[in-house]
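Here's the structure we're looking at; comments come further down.
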Amino acid sequence: MHKKFYITNNFSLKNKIILIIKTKEYINKDFIKSFINCGAKIIILNKSINKLSKLYDQIKLYKKNLFLYPINHSTATEKDFYKLTITIYKNFGRIDGIIYNIPELYQSKLTEQETIENFYKVMNKNYYKNLKIIKNLTPLIKLS
């Protein structure tokens, strides 16, 4: 039996607009560079201007395909998300994909050992708070 692997090339993501939400140490500069090397334009949302600046400094050679947008999705209002959506639309016209870096996972416990309170906390942080972003960006994804 032969396994098939997908081999990327300089054109595999050509002209694709990829939005990355909540960059942390798990979404590092090499990951972003690999997407850009395949032709993608990357939009990064993060609440920390310092983290965005640090990331920009690390991969500034790729700056023509890297766009940074500071926003705190936990405290942002509908008006803030509308402004984000309009900014992306004016600059890119659409979004082809979203990568969401999950900020918090369970501790290394089995599901049956997890407390329901912690489950609610994780779901609130990872899912419910992000519905605001997805709700506002869905029209841009539909344009892809």
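Residue numbers count from 1 along this sequence.
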Just distance, no hydrogens or angles: give the donor-acceptor pairs under 3.5 Å from side chains in residues 136-143, sequence neighbours left out.
from: N136; atom 1: ND2; to: K132; atom 2: O; distance (Å): 2.7
from: T138; atom 1: OG1; to: I134; atom 2: O; distance (Å): 2.5

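Residues forming a side chain to side chain donor-acceptor pair (under 3.5 Å) with S144 (at least two apart in sequence, or on another chain): D96.
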After noting the C-alpha distance and the side-chain angles of I44 and I32, does the key distance pass the side-chain contact (heavy atoms from CB on, under 4.5 Å) rule? CA-CA 10 Å; I44 298 175; I32 294 167; 3.5 Å; yes
Step by step, work out the side-chain contact (heavy atoms from CB on, under 4.5 Å) result for K135 and E78. CA-CA 10 Å; K135 176 184 174 239; E78 286 292 322; 3.6 Å; yes
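Summarising the geometry, atom CD1 belonging to I43 is positioned 11.5 Å from atom CD1 belonging to I99; distances are rounded to the nearest 0.5 Å. One distance of note links CD1 of I133 with CG of L19; it measures 7.5 Å at 0.5 Å rounding. Distance CG/L84 to CG/L45: 5.5 Å, rounded to 0.5 Å. With rounding to the nearest 0.5 Å, the separation of CG in N15 from CZ in R94 is 7.0 Å.
If you run side chain to side chain contact (heavy atoms under 4.5 Å, CB included) between I42 and each of I59, N65, L13, I20, only I20 comes through.
Side-chain contact between L52 and Y69 is absent, with no heavy-atom pair separated by less than 4.5 Å.
In this structure, I49 places its CD1 atom where only 12 or fewer heavy-atom neighbours from other residues, nucleotides or ligands lie under 6.0 Å away.
When the side chains of ILVMFWY residues are joined at heavy-atom separations under 4.5 Å, either directly or via intervening members, F92 and I86 end up in two distinct hydrophobic clusters.
Residue pairs meeting the side-chain hydrogen bond (donor to acceptor under 3.5 Å, both in side chains) criterion with at least one member in residues 79-92, sequence neighbours excluded: T77-D80.
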